[in-house]
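Take a look at the structure set out below.
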Amino acid sequence: MTWLVTGGAGYIGAHVVRALVRDGQHVVVLDDFSTGDAARVDCGARLVEGSVLDRGLVGRVLRENAVTGVVHIAAKKQVGESVADPLLYYRQNVEGLVALLDSCREKGVDRLVFSSSAATYGLPDVDLVDEDTPGVPLSPYGESKLIGEWMLRACAQAYGMRVMSLRYFNVAGAAVPELADTGVFNLVPLVFQALTSGQRPKVFGADYPTPDGTCIRDYVHVADIADAHLAAARALDAGGLSATYNIGRGEGASVLDVLAVIGEVTGLDTGYDVVDRRPGDPARVVAAVDRIREGLGFRAQHDLRSMVESAWAGWPSRP
Ligand code: WQD
């Protein structure tokens with residue numbers, strides 16, 4: 001089978017490409033390099049520069065490579081940026097998916113794995129968030145992912161496509177140092193940046209209704225994210241039906257838990273400053289992971305320390 005991976009030169013996309021290539025799948029990558037890096041793309045994959053919005057290019061790539069399925073990861077993904085510039089997110093994430101689906105339908109590509117997000121849930125007030133938890137996203141980013149899921153469901157019903165939407169929780173770590181996350185937008189890289197630039201990490205609020213007062217998230221290793229995509233691709237190739245799955249560990253860790261592991265791994269002083277809460281931060285978002293285990297036989301294998309160790313190994317600087 002041949003899979004087109006859009007956004008395959010990005011942090012998560014490159015891990016997915018690596019997993020597919022190692023599984024013996026034929027892989028073509030489409031990436032506009034807005035945030036991706038060609039050096040991340042596994043040498044076993046063909047690389048095409050361009051945007052999913054370019055219908056002519058996408059149609060050619062699908063046809064010339066006899067693509068049988070698409071893993072769609074290319075998207076803008078910064079929550080704060082989406083609030084400041086919603087049209088950028090609706091254009092790239094929603095209009096981009098419409099263009100891709102048009103091309104797939106025209107070329108007879110009938111299976112798609114979609115990069116969705118825990119951000120679709122918004123402020124879930126449950127201990128474990130299962131896939132039937134109502135999605136009330138708080139940002140244009142989260143909205144764009146939920147709209148994407150709705151579009152895919154309608155296309156599956158109308159055109160006979162088979163789609164799997166994968167809702168990532170908090171992704172961290174790296175399979176190999178050279179694929180580490182270079183975007184400094186999430187907790188682990190932000191703490192690394194503070195520690196390696198002589199600053200103290202900031203904790204966005206310590207007055208949440210949690211055991212230590214800081215927010216709890218479900219951190220999941222990017223290598224597990226990649227393996228979940230491989231499991232979904234294989235299932236679709238084997239005739240699997242459409243589904244929506246959380247990808248997480250099913251276990252929560254607080255901001256202070258993460259800081260403690262970072263201190264152990266780096267040996268650095270993780271003394272922190274508590275600052276104001278970040279607007280829109282839920283106190284707790286932890287995945288229920290039964291459905292993906294039952295549906296795909298997938299269970300995350302890596303723990304928080306493995307995520308921090310592998311991320312630190314790929315961090316470019318030391319204090
Ligand atoms: C984690 C926790 C912060 C930085 C992310 C992404 C989104 C989506 C879901 C995929 C929060 C706290 C952070 C810092 C802190 N994933 N924090 N100090 O907001 O849970 O959502 O995962 O689509 O991509 O937005 O992740 O890493 O920003 O924050 O205290 O310097 O760490 O308040 O509680 P978040 P995050």
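Counting starts at 1 for both ligands and their atoms, following the listed order. Keep in mind that this is a model prediction, so the values were computed, not measured.
With respect to Arg55 and Glu106, no salt bridge is recorded, no charged nitrogen being found less than 4.0 Å from a carboxylate O. A salt bridge links Arg278 to Asp281: at least one charged side-chain nitrogen sits closer than 4.0 Å to a carboxylate oxygen. Salt bridge absent: Arg291 and Asp130 never bring a charged side-chain N and a carboxylate O closer than 4.0 Å.
Less than 4.0 angstrom separates some heavy atom of Val203 from each of these atoms of ligand 1: 30 (O). If you number the atoms of ligand 1 from 1 as listed, the ones under 4.0 Å from a heavy atom of Phe169 come out as 16 (N). Here is the list of ligand 1 atoms found below 4.0 Å of a heavy atom in Cys215: 34 (O). Atoms of ligand 1 lying under 4.0 Å from any heavy atom of Val79, numbered from 1 in the order shown and given with element: 25 (O). Proximity to Leu190 (heavy-atom distance under 4.0 Å) selects the following atoms of ligand 1: 4 (C), 31 (O). Near Tyr219, with a cut-off below 4.0 Å to any heavy atom, the atoms of ligand 1 are 1 (C), 2 (C). Those atoms of ligand 1 with a heavy atom of Lys202 less than 4.0 angstrom away are 14 (C), 15 (C), 18 (N), 30 (O), 31 (O).
Counting heavy atoms under 4.0 Å from ligand 1, residue Asn186 touches it through both backbone and side chain. At a heavy-atom cutoff of 4.0 Å, ligand 1 is contacted by the side chain of Arg217 but not by its backbone.
Between Ser254 and Asp257, the side chains place a donor N or O and an acceptor N or O closer than 3.5 Å (distance only, hydrogens not considered). The closest side-chain donor-acceptor pair between Arg167 and Tyr121 falls under 3.5 angstrom.
Note: Leu88 CG to Lys76 NZ = 5.5 Å, rounded to the nearest 0.5 Å.
Closest to atom 22 (O) of ligand 1 among all protein heavy atoms lies Asn170 ND2, 3.3 Å. Here the protein heavy atom with the shortest distance to atom 12 (C) of ligand 1 is Val255 CG2, 3.8 Å. Atom 33 (O) of ligand 1 has Asp281 OD2, 2.5 Å as its closest protein atom, hydrogens excluded (heavy atom only). Protein heavy atom at the shortest distance from atom 11 (C) of ligand 1 is Arg278 NH2, 3.8 Å. Closest to atom 30 (O) of ligand 1, if we only count protein heavy atoms, is Phe204 N, 2.9 Å.
For ligand 1, the polar-atom distance check against Ser117 finds a nitrogen or oxygen pair separated by under 3.5 Å. Remark: ligand 1 and Ala118 share no N or O pair separated by less than 3.5 Å (distance only, no angle test). Considering backbone and side-chain N/O of Tyr141, one or more are found under 3.5 Å from N/O of ligand 1.
Cluster note: Val286 groups with Leu128, Ile216 through ILVMFWY side-chain heavy atoms spaced under 4.5 Å, whether in direct contact or through intervening members.
Considering only non-hydrogen atoms, atom 13 (C) of ligand 1 lies nearest to Leu187 out of Leu187, Thr120, Asp218, Val220. The heavy atom nearest to atom 24 (O) of ligand 1, considering only Lys77, Arg277, Arg284, Lys145, is found in Lys77.
The main-chain N or O of His302 is never found under 3.5 Å from a side-chain atom of Ser306 such that the two would form a donor-acceptor pair. Ser139 places no side-chain N or O within donor-acceptor distance of the main-chain N or O of Val79, the cut-off being under 3.5 Å.
Annotation for Arg305: atom CZ counts as buried by contact number, over 12 foreign heavy atoms lying within 6.0 Å.
For Tyr121, the closest heavy-atom approach to ligand 1 does not fall below 4.0 Å.
Taking the six-membered ring for Trp and the full ring otherwise, the centers of Phe114 and His229 sit at least 6.0 Å from each other.
Sorted by first and then second residue, the salt bridge (charged side-chain N to carboxylate O under 4.0 Å, His left out) pairs involving residues 186-203 (not counting sequence neighbours) are Arg200-Asp273.
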